[in-house]
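Numbered from 1 within each chain, the chains take letters A, B, ... in sequence-line order. From a predicted model like this one, the values you see are computed outputs, not experimental measurements.
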Number of protein chains: 2
Amino acid sequence: MEQKEFIQSGALVLQQGMPGDYVYKIESGTIDISMRDPDGEEVFLAELGPGEIIGEMAVMLGGRRCASARAHGDVVLSRIPGQELHKRVKRSGAMHAYMMRLIADRAIRNISLFAGLSAEEKASLPKGEGPVLYPKKSYLFRENEPIAHLYVLCSGHVQHFNTTDTGQEITVELHKPGDVFCKSAACLHDGFFSTSTRAIDDAYVIKLPIGQFKEVMRRYETVADRLLFSLARRNMINQYEMEQRATMTAPQILSSFLRRLCYSYGFDPHGFTLPYKKSLVAARLGMETETLSRAWAKLAEYGIIVDGTRITILDEEA
Amino acid sequence: MEQKEFIQSGALVLQQGMPGDYVYKIESGTIDISMRDPDGEEVFLAELGPGEIIGEMAVMLGGRRCASARAHGDVVLSRIPGQELHKRVKRSGAMHAYMMRLIADRAIRNISLFAGLSAEEKASLPKGEGPVLYPKKSYLFRENEPIAHLYVLCSGHVQHFNTTDTGQEITVELHKPGDVFCKSAACLHDGFFSTSTRAIDDAYVIKLPIGQFKEVMRRYETVADRLLFSLARRNMINQYEMEQRATMTAPQILSSFLRRLCYSYGFDPHGFTLPYKKSLVAARLGMETETLSRAWAKLAEYGIIVDGTRITILDEEA
DNA sequence: CGGGGGATTGACCTCGGTCAAGTACGGTGG
DNA sequence: CCACCGTACTTGACCGAGGTCAATCCCCCG
């Protein structure tokens with residue numbers, strides 16, 4: 001059932017953002033795990049060695065790879081198909097518990113906020129509330145509820161939005177697997193959520209109580225540092241988006257969005273598929289689906305070719 | 001020349017945002033200094049006693065009060081007209097140096113980021129670069145320059161903006177006396193400014209080298225805490241503004257802006273004067289002056305009466 | 001008094017929102 | 001296998017808020 005693979009040093013083994021229906025067990029050599037966080041920073045997360053499993057998150061929770069894995073030196077892996085893993089997990093309750101624990105631990109340890117900590121320090125991190133399933137369209141939390149957790153998204157997608165008095169929904173942000181959210185909420189003493197958040201597809205999240213997170217922040221200076229950094233970056237990105245919406249036309253905004261999407265997911269610009277429904281993209285960009293629909297047609301003028309669901313970016317620059 | 005005033009406990013002696021051409025010397029009693037920082041938080045800054053001078057910043061630098069002063073118990077003050085102070089300062093170089101030093105020290109110590117520190121801790125803060133004059137329309141810094149300082153605005157106003165490829169200027173933010181800016185810039189390791197910043201009128205600023213600020217942050221946890229808090233708040237405000245621009249019409253946006261302005265400057269809603277030129281307001285709100293001009297006319301529908309430069313807000317709520 | 005910058009007003013146009021109809025696609029049930 | 005339905009998306013026609021351009025007004029200042 002298991003199939004050996006020999007990987008050259010430096011080769012990409014798993015790519016963040018790609019779907020995946022298999023896991024690898026490391027037979028020999030070491031694998032570097034890294035991720036591009038939503039702010040666009042590439043962050044090194046961990047180094048895994050023989051006996052360890054990689055890629056379990058996408059398989060167990062049914063989503064996409066939420067980090068990239070690269071061979072550090074030559075490596076031998078055995079590839080285990082997703083079905084096989086599911087069978088084993090179903091057979092043994094202990095195995096299931098083990099996998100869930102593994103996923104939860106890794107999700108917490110691998111968030112970019114904690115990237116500056118040593119392996120021992122990471123081991124002492126709080127565990128959080130194991131992968132919790134929020135079915136499609138269910139709410140993680142609503143506006144004006146008290147803030148209790150920091151969330152780590154393991155699989156699926158999540159939408160933040162505000163509801164206006166007229167019942168209109170304004171999408172503020174979309175999150176993809178690997179993202180951490182409610183960071184800024186966590187800094188406001190005894191605050192309340194300013195947005196509602198809903199699962200777009202079935203989403204698994206780890207929930208880390210705010211108190212525990214603050215404890216960690218107090219203990220490790222680098223965590224507070226990274227949080228500051230990430231909030232500051234978010235501010236700049238917000239400014240940038242404001243500017244775009246004020247000055248650009250719909251096709252230009254869409255083009256810019258696709259370029260950033262491609263970059264932040266690590267997609268191949270020479271052809272990738274949109275990971276969201278188009279209506280979601282419209283919401284994210286603050287436009288109507290009709291406007292978006294018309295914008296697709298004009299993308300050629302901005303160096304992007306769309307063929308059905310396939311998107312190709314011709315000229316690549318920031 | 002000096003004129004004694006007897007102030008009842010709790011009375012407002014100086015109000016943030018008001019113009020002022022006199023200073024007070026405290027003869028007896030104590031005065032509480034506080035300010036509303038740009039995020040809308042009321043922050044207690046200091047308690048001053050007999051012999052100390054208040055209100056010197058607006059007078060010496062020719063601007064508006066950048067903090068409020070309230071009598072803490074019954075107080076006797078002697079009021080010194082601005083002209084008198086200017087005469088004394090002109091007469092004596094030492095007096096001039098002393099006033100400038102006083103202003104610089106107070107500006108640094110009184111920023112809300114440092115509000116959690118004790119008097120002794122505040123005394124040990126770095127002094128920063130004394131009040132620097134940036135004449136009307138001169139640049140404090142430009143986009144893509146390396147970030148070297150945190151700025152404290154002592155008098156005048158300052159405009160942050162981006163320039164697009166087409167030469168268009170997008171105003172991101174306006175700052176008023178007492179504001180601290182480049183906070184988020186300061187968190188990005190060796191970053192570059194993402195906006196240009198220009199003095200609207202003659203502006204005096206204190207410049208605190210980033211390195212020194214980071215040093216302070218490392219020493220005092222509360223400073224990092226407050227910075228986090230303020231960045232998180234800014235994020236929420238950005239989101240809110242995004243939402244507004246997406247869903248509201250020009251008069252609604254203007255109305256909401258005026259209400260916030262009134263609140264954050266501490267103006268009297270029953271009649272105040274706009275502290276900026278209208279064209280600046282237009283820039284700030286991301287609209288053309290013509291659109292703004294038309295919006296004024298429709299403000300009555302939203303409970304705001306405009307009579308020349310006089311603005312009255314009828315119904316007050318968040 | 002003339003000049004210049006800011007503000008206002010009017011005429012016009014464009015982008016994108018709105019409404020309505022139509023298409024493509026997948027799933028379900030007979 | 002096809003009829004039916006619901007969802008997502010597309011297309012067309014229309015409209016209105018706000019941008020653009022030009023003329024004018026207002027007020028301060030030299």
Side-chain angles (χ1 to χ4, degrees), chain A residues 136-137 157 159 164 166-171 174 198 200-201 241-258 273-302 306-311, chain B residues 136-137 157 159 164 166-171 174 198-202 241-258 273-302 306-311:
Chain A
K136 191 172 172 172
K137 295 199 178 166
H157 290 89
Q159 177 186 23
T164 63
T166 60
Q168 213 178 346
E169 289 183 359
I170 315 285
T171 298
L174 298 181
R198 187 168 49 196
I200 295 169
D201 28 36
E241 292 216 347
M242 280 273 244
E243 189 187 322
Q244 283 202 335
R245 293 203 191 172
T247 56
M248 291 180 153
T249 64
Q252 284 174 308
I253 292 175
L254 177 57
S255 134
S256 154
F257 172 77
L258 290 175
T273 315
L274 203 63
Y276 312 114
K277 280 189 307 186
K278 289 188 176 177
S279 52
L280 252 180
V281 174
R284 169 65 233 281
L285 299 180
M287 51 179 85
E288 300 299 311
T289 55
E290 294 93 334
T291 306
L292 184 77
S293 186
R294 291 178 235 267
W296 288 109
K298 293 192 189 149
L299 272 184
E301 296 172 28
Y302 300 96
V306 182
D307 174 22
T309 59
R310 196 112 197 108
I311 296 164
Chain B
K136 192 172 170 169
K137 294 199 179 167
H157 290 88
Q159 176 186 25
T164 62
T166 60
Q168 212 178 347
E169 289 183 359
I170 315 286
T171 298
L174 299 180
R198 186 167 51 195
I200 295 169
D201 27 36
D202 285 1
E241 293 216 347
M242 280 273 244
E243 191 186 319
Q244 282 203 336
R245 293 202 191 174
T247 56
M248 290 179 152
T249 65
Q252 284 175 309
I253 293 175
L254 176 58
S255 136
S256 155
F257 172 77
L258 290 175
T273 315
L274 203 63
Y276 311 115
K277 280 189 306 187
K278 289 189 177 179
S279 53
L280 251 181
V281 175
R284 169 66 232 280
L285 299 180
M287 51 180 84
E288 301 299 311
T289 55
E290 293 93 333
T291 307
L292 184 77
S293 186
R294 290 177 236 265
W296 288 109
K298 293 193 189 149
L299 272 185
E301 297 172 27
Y302 300 95
V306 182
D307 173 22
T309 57
R310 196 110 197 110
I311 296 164

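- Here the shortest heavy-atom pairing between A:Lys136 and A:Ile200 reads CG-O, 3.2 Å.
- Summarising the geometry of A:Ile253 relative to A:Met248, their closest heavy-atom pair is CG1-CB, 3.7 Å, with the distance given to 0.1 Å.
- Taking 4.5 Å as the limit, some side-chain heavy atom of B:Trp296 sits within range of a side-chain heavy atom of B:Ile311.
- Considering CG of B:Leu280 and CG of B:Leu174, their distance stands at 5.5 Å, rounded to 0.5 Å.
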Legend entry - Nucleotide-resolved protein contact map, nucleotides 8-20 of chain C, B/S/- at heavy-atom distance under 4.0 Å: SBBB----SSBB-
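- Once rounded to the nearest 0.5 Å, the distance linking CD of B:Gln244 with OG1 of B:Thr249 reads 10.5 Å.
- Within the structure, salt bridge (Lys or Arg N to Asp or Glu O under 4.0 Å) contacts touching residues 278-295 of chain A (residues at least two apart or in different chains) are A:Glu241-A:Arg284.
- Looking at A:Leu254 and A:Val281, their side chains come closer than 4.5 Å, going by heavy atoms from C-beta outward.
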Legend entry - Annotated protein contacts, base or backbone, on nucleotides 24-30 of chain D with a non-hydrogen cut-off under 4.0 Å, one of B, S, - each: -------
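- Contact between A:His157 and A:Pro275 at its shortest, heavy atoms only, is CE1-O, 4.2 Å.
- In this structure, A:Leu280 places its CG atom 14 Å from C1' of D:dT7, rounding to the nearest Å.
- The CG atom of A:Asp201 sits 17 Å away from the P atom of D:dT7 (whole-angstrom rounding).
- Here the P atom of nucleotide D:dA8 and the CD1 atom of A:Ile200 are 12 Å apart, to the nearest Å.
- Protein atom NZ of B:Lys136 is 11 Å distant from nucleotide atom P of C:dG5, rounded to whole Å.
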